[in-house]
S.K.: 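Pasting in a structure now, in structure tokens, and then I'll have a few things to ask.
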2 protein chains.
Amino acid sequence: MSRKNLETRNRILDATWKLLEERLDTGVRMADIARQAGISRQALYLHFSKRAELLIATTQYIDEMKGVDARLAPSRAAATGIERLDAFIDAWGNYIPEIYGVAKALLAMKESDEAAALAWSERMQAVRHGCEAAIKALARDGTLSPDHSQKQATDILWTMLSVRNWEQLRSECGWSQKRYIETTKLIARGTLVVEQG
Amino acid sequence: MSRKNLETRNRILDATWKLLEERLDTGVRMADIARQAGISRQALYLHFSKRAELLIATTQYIDEMKGVDARLAPSRAAATGIERLDAFIDAWGNYIPEIYGVAKALLAMKESDEAAALAWSERMQAVRHGCEAAIKALARDGTLSPDHSQKQATDILWTMLSVRNWEQLRSECGWSQKRYIETTKLIARGTLVVEQG
DNA sequence: CGATTACTTGACACGGTGTCAAGTGACTTG
DNA sequence: CAAGTCACTTGACACCGTGTCAAGTAATCG
């Protein structure tokens, strides 16, 4: 892939990102993206032959720009299970708003597009692994609530941290981001961590 | 509205219901519904001029058939707040699978259709009122957790009981319906009810 | 110089929604 | 019983968004 080609590709990804951020109505068409990137609709198709492909590439692009891995480092470095749980909720919970635009578009698309469904599912599995690691750390410390198996605890945390829950609490319920993070931490602790006597 | 007219209308609603139940892929088109109902596509449009209108009518039809109100009666009759919370989780949590087909279609539609978005939102507000009533009952009994305001507790319960959470736990996590209900009750209690000393 | 690369313009097929017009067959009702 | 209305049919068509195809252009490179 030549220099110019890559340059255009990045312009496209930037354009997609920007449009999905500002027009959350999911009414973002291929033609809009092409216009925003300053190229023809067909040039866009030369780079990404399907809309799903473009959306998937955009999420990866954002991950790269935002440095997901770096942001998850504190979570991995946590000494105790409880710290790890908090750090993970911080990291992922604060990452959601940054990817929300693309996430919403991808979520809408996965209903009808196989590739989009797969890409989203893989992404969510990665989050699940983060949840699982936190739960395992709790189990190791003996601080995992006896109410739940590791699997069940992971399922619960993963579900609590879904993009749709974030969406509902922030948009429908009018919670601030800070409130979302803190309340989620509180509930996660109360539900997943053993009562201390 | 004449007898025959009403008869056809019901055939349409039954057909829609059935197709949405068995083909959860959301790939249910107006033509499919018409065929299933044994009428022409245009006759379908004579009864419901928009797809959104048909979906909305179908949810109302299902509510009527299933008797939502009756199912919520035990919740309203509960003596204590805790009983009311449990009864509400039972009622709504077990209702979700029965409306899941249409719910999914409506959820998909609300992204692009204003009327669908409104209808869904109203429906969810009704559920929210149920949550609110349960929380108020806890507050009245003095059993509401001091960690949350009534508003916040309502938001939490409402979000816990979302269709998407049910979907994730049942489909992605493989939980049984029974497990879903029981674990939801457990978490709701742990989170929303004051610790007894 | 000629070939390749990156892009443009414009046309078009497809699938799904929603509309329009003309026609048919049945069942009211003056 | 004739006229009208009601419920529906058939078939065409416009619109939109995705994705494809073909021909042309302008810059770059060996």
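In the text below, chain A, chain B and the rest are named by the order of the sequence lines, each starting its count at 1.
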S.K.: Establish, yes or no, whether the cationic atom of R170(B) lies under 6.0 Å from the six-membered ring centre of W175(B) and within 45° of the ring axis.
M.R.: no

S.K.: Restricting to side-chain hydrogen bond (donor to acceptor under 3.5 Å, both in side chains), what partner residues turn up for D147(A), sequence neighbours left out?
M.R.: none

S.K.: Take the protein atom CD of Q42(A) and the nucleotide atom C1' of dA11(C), then report the distance between them rounded to whole Å.
M.R.: 10 Å

S.K.: In terms of side-chain geometry, is the basic nitrogen of K185(A) or D90(A) positioned less than 4.0 Å from the acidic oxygen of its partner?
M.R.: yes

S.K.: Side chain of T8(B): nearest nucleotide among dT19(C), dT9(C), dC8(D)?
M.R.: dC8(D)

S.K.: State which residue, out of Q177(A), K178(A), R71(A), fulfils the side-chain hydrogen bond (donor to acceptor under 3.5 Å, both in side chains) condition with N94(A).
M.R.: Q177(A)

S.K.: Between K104(B) and E111(A) (salt bridge meaning N to carboxylate O under 4.0 Å), is one present in this structure?
M.R.: yes

S.K.: Could you state the CG-C1' distance from D32(B) to dT17(C), rounded to the nearest angstrom?
M.R.: 13 Å

S.K.: How long is the line joining CG of D113(A) and P of dG15(C), in whole Å?
M.R.: 16 Å

S.K.: Given V127(A), which partner from the list R123(A), M124(A), H129(A), Q125(A) fulfils the side chain to side chain contact (heavy atoms under 4.5 Å, CB included) test?
M.R.: M124(A)

S.K.: Check the distance between dG16(C)'s P and I33(B)'s CD1 and give it to me in whole angstrom.
M.R.: 13 Å

S.K.: From CG of N10(B) over to P of dA7(D), roughly how many Å is that when rounded to an integer?
M.R.: 14 Å

S.K.: Should Y61(A) and I12(A) count as side-chain neighbours, where that means a heavy-atom distance under 4.5 Å?
M.R.: no

S.K.: For the pair made of CZ in R29(B) and P in dC14(C), what is the distance, rounded to whole Å?
M.R.: 16 Å

S.K.: Quick check on contacts: within residues 44-55 of chain A, what sits under 4.0 Å from DNA chain D by heavy-atom distance?
M.R.: Y45(A), S49(A), K50(A), R51(A)

S.K.: Check every atom of dC13(D), dT9(D), dT18(D) against the side chain of R41(A) and return the nucleotide holding the closest atom.
M.R.: dT18(D)

S.K.: Report all interatomic pairs (protein N or O, nucleotide N or O of nucleotides 26-30 of chain D) with separations under 3.5 Å.
M.R.:
none

S.K.: Here's a test of your reading of the structure: between M109(A) and G38(B), which maps to the more 5' nucleotide of DNA chain D?
M.R.: G38(B)

S.K.: Rounded to whole Å, how long is the line connecting atom CD of E7(B) with atom C1' of dC27(C)?
M.R.: 14 Å

S.K.: Take atom CZ of R11(A) and atom C1' of dC7(C), then tell me their distance rounded to the nearest Å.
M.R.: 11 Å

S.K.: Please evaluate residues D14(B) and K18(B) with respect to the criterion salt bridge (Lys or Arg N to Asp or Glu O under 4.0 Å), reporting the C-alpha separation (whole Å), side-chain torsions for both, the decisive distance (0.1 Å), and the verdict.
M.R.: CA-CA 6 Å; D14(B) 281 327; K18(B) 190 183 170 213; over 6 Å; no

S.K.: Could you tell me whether R29(B) and D32(B) make a salt bridge, using a distance below 4.0 angstrom between a side-chain N and a carboxylate O?
M.R.: yes

